Amino acid sequence: MDDYLMIGGRKIKNRFFLGTGKFPSYSLMKDAIVSSAAEVITVALRRVDDSSREDNILEYIPKGSILMTNTSGARNADEAVRIAHLARAAGCGDWIKIEIINDNKFLLPDNAETIKAAHILAKENFIVMPYINPDLMDAKRLLDAGASSIMPLGAPIGTNKGLRTKEIIKILIEEIDLPVIVDAGIGRPSAAAEAMEMGCSAVLVNTAIATANDPAMAARSFSKAVEAGRFAYLCGLEGEKDYPQASSPLTGFLR
């Protein structure tokens, strides 16, 4: 079966997306990318230093990867748009994860500013990937703005609490004609698999992998979980039932 995710004219076979923050070293980050075979890699522009070959994070990302620059550090739409322009000028491409956070305690994204930035960047032909608090009306506004996906948080960033927003994400999958990519809060491969079983198009993970004792093995386990969850979604498993049903006949034997 030729199953792939299409975004911005690119075919993506591996629906596991990997973030690059918090790794103890760029070498371990590269090992995680290679081990998981992730195709989409997100990088904060402030970590890109093209003046130093040795310390430039881009040198550790395999050629052919789809680079999705994120606007980490932006506090409003104007700053996010400025970061996107800098990323394009630095040769990081047109994929931009809009990440606007103006809340230093809970680190929750600002949906209103994100929608403003999405309108501007989509008109400038960026592939716009907004990171949001899960909300149906805001997701519709982002669809109208020209977003290429929506990236609702599963739980607050870095908490590893899993799919705390599951019920709203289910609604987004049903109502929004865009890929739904869960981002933030996914701390276990089982949570990644559950997101995919629900019908999410992809899952992005960073903290859980970067802080694991063996990041490469952790990345591979998440990648495999995403694949298993996708297969489970596609095969059409039966839902839960209120009463038991025997898997073999209970009558007509040993009469």
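All values derive from a computational prediction rather than experimental measurement.
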Engineer: Treating Asp103 as the side-chain partner and Leu108 as the backbone partner, does any N or O pair qualify as donor plus acceptor under 3.5 Å?
Structural biologist: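 Yes; judged by distance alone, with no hydrogens or angles, the pair exists.
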Engineer: Where the side chain of Ser223 meets the backbone of Ser36, is there a donor-acceptor pair that is under 3.5 Å apart?
Structural biologist: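 Side chain of Ser223 to backbone of Ser36, a donor-acceptor pair under 3.5 Å: yes, one is there.
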Engineer: Strictly distance-based, threshold 3.5 Å: is any side-chain N or O of Thr42 a donor or acceptor partner for the main-chain N or O of Met68?
Structural biologist: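 It does hold such a pair.
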Engineer: Less than 4.5 Å apart, any side-chain heavy atom of Ser148 and any of Met129?
Structural biologist: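 Of all side-chain heavy-atom pairs linking Met129 with Ser148, at least one is under 4.5 Å.
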Engineer: How about Arg15 and Ile181: do any of their side-chain heavy atoms sit closer than 4.5 Å?
Structural biologist: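 Not touching, per the 4.5 Å side-chain cut-off.
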Engineer: Less than 4.5 Å apart, any side-chain heavy atom of Arg10 and any of Val40?
Structural biologist: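 Not touching, per the 4.5 Å side-chain cut-off.
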Engineer: So Tyr60 and Thr20, do their side chains get closer than 4.5 Å, heavy atoms only?
Structural biologist: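 Heavy-atom side-chain distance check fails, nothing below 4.5 Å.
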Engineer: Do Glu227 and Arg230 sit within salt-bridge range, that is, some charged N less than 4.0 Å from a carboxylate O?
Structural biologist: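 No.
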Engineer: Return yes if some donor-acceptor pair links the side-chain N/O of Asn14 with the main-chain N/O of Glu39 below 3.5 Å, else return no.
Structural biologist: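 Here the side-chain-to-backbone pair does not exist.
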Engineer: Without swapping roles, check the side chain of Ser35 against the backbone of Ala216 for a donor-acceptor pair under 3.5 Å.
Structural biologist: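 Present.
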Engineer: For Arg88, is the CZ atom crowded, meaning more than 12 foreign heavy atoms sit under 6.0 Å from it?
Structural biologist: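 It does: Arg88 CZ has more than 12 such atoms within range.
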Engineer: What are the two closest heavy atoms between Ser201 and Pro179, and how far apart are they?
Structural biologist: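 Closest heavy-atom pair between Ser201 and Pro179: OG-CA, 3.4 Å.
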Engineer: Taking the six-membered ring for Trp, are Phe222 and Phe16 parallel (under 30°), tilted (30 to 60°) or perpendicular (over 60°)?
Structural biologist: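 Phe222 and Phe16: parallel rings.
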Engineer: Do Met151 and Glu99 come within less than 4.5 Å of each other through their side chains, counting heavy atoms only?
Structural biologist: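 In short, these two side chains do not touch, never coming nearer than 4.5 Å.
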Engineer: Tell me whether Ile100 shares a hydrophobic cluster with Leu121, the cluster being built from Ile, Leu, Val, Met, Phe, Trp, Tyr side chains joined at under 4.5 Å.
Structural biologist: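 Yes; tracing contacts between hydrophobic side chains, which count when under 4.5 Å, links both residues.
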Engineer: Is there side-chain contact between Pro109 and Tyr131, with heavy atoms separated by less than 4.5 Å?
Structural biologist: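 In contact.
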Engineer: Identify whether the distance between the nearest side-chain nitrogen and carboxylate oxygen of Asp138 and Arg141 falls below 4.0 Å.
Structural biologist: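 Between Arg141 and Asp138 there is a salt bridge, with a charged N closer than 4.0 Å to a carboxylate O.
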Engineer: Surrounding CE of Met198 (heavy atoms of other residues, nucleotides or ligands, distance under 6.0 Å), is the total greater than 12?
Structural biologist: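 Yes - once you tally the heavy atoms of other residues, nucleotides and ligands closer than 6.0 Å, there are more than 12.
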Engineer: If you compare all heavy atoms of Gly154 against all heavy atoms of Ile169, which two are closest, and at what distance to 0.1 Å?
Structural biologist: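 Where Gly154 meets Ile169 most closely, the heavy atoms are CA-CD1, 4.5 Å.
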Engineer: For the residue pair Ile186 and Gly162, what are the closest heavy atoms and their distance?
Structural biologist: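 Residues Ile186 and Gly162, closest heavy atoms: CD1-C, 4.3 Å.
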Engineer: What are the two closest non-hydrogen atoms of Thr159 and Gly185, and how far apart are they?
Structural biologist: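 Of all heavy-atom pairs spanning Thr159 and Gly185, the closest is OG1-CA, 4.1 Å.
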Engineer: Measure across Ile7 and Trp95 and return the closest heavy-atom pair with its distance rounded to 0.1 Å.
Structural biologist: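 Heavy-atom minimum between the residues: O-CZ2, 3.3 Å.
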Engineer: Would you check, one step at a time, whether the test side chain to side chain contact (heavy atoms under 4.5 Å, CB included) holds for Leu136 with Ile176?
Structural biologist: CA-CA 8 Å; Leu136 178 58; Ile176 302 298; 3.9 Å; yes
Engineer: So, are Glu79 and Arg82 salt-bridged, with charged N and O less than 4.0 Å apart?
Structural biologist: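 Not counted as a salt bridge, because no side-chain N and carboxylate O are separated by less than 4.0 Å.
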Engineer: Has the side chain of Thr165 got a donor or acceptor atom that lies under 3.5 Å from a matching backbone atom of Ile168?
Structural biologist: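 Not a single qualifying donor-acceptor pair exists.
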Engineer: Hey, is the main chain of Ala77 close enough, under 3.5 Å, to the side chain of Glu113 for a donor-acceptor pair?
Structural biologist: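 Yes: the side chain of Glu113 pairs with the backbone of Ala77.
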Engineer: Please examine the side chains of Pro152 and Val180, heavy atoms only from C-beta on, and report whether any two atoms are closer than 4.5 Å.
Structural biologist: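 When only atoms from C-beta onward are counted, Pro152 and Val180 do touch, with a gap below 4.5 Å.
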Engineer: Compare every heavy atom of Ser221 with every heavy atom of Pro189, then report the nearest pair and how far apart it is.
Structural biologist: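 Residues Pro189 and Ser221, closest heavy atoms: CG-OG, 3.6 Å.
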Engineer: Strictly distance-based, threshold 3.5 Å: is any side-chain N or O of Thr114 a donor or acceptor partner for the main-chain N or O of Asp110?
Structural biologist: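 Pair found, side chain donor or acceptor close to backbone of Asp110.
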Engineer: Any side-chain heavy-atom pair from Pro215 and Asp31 closer than 4.5 angstrom?
Structural biologist: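 Side chain of Pro215 against side chain of Asp31, heavy atoms only: no contact under 4.5 Å found.
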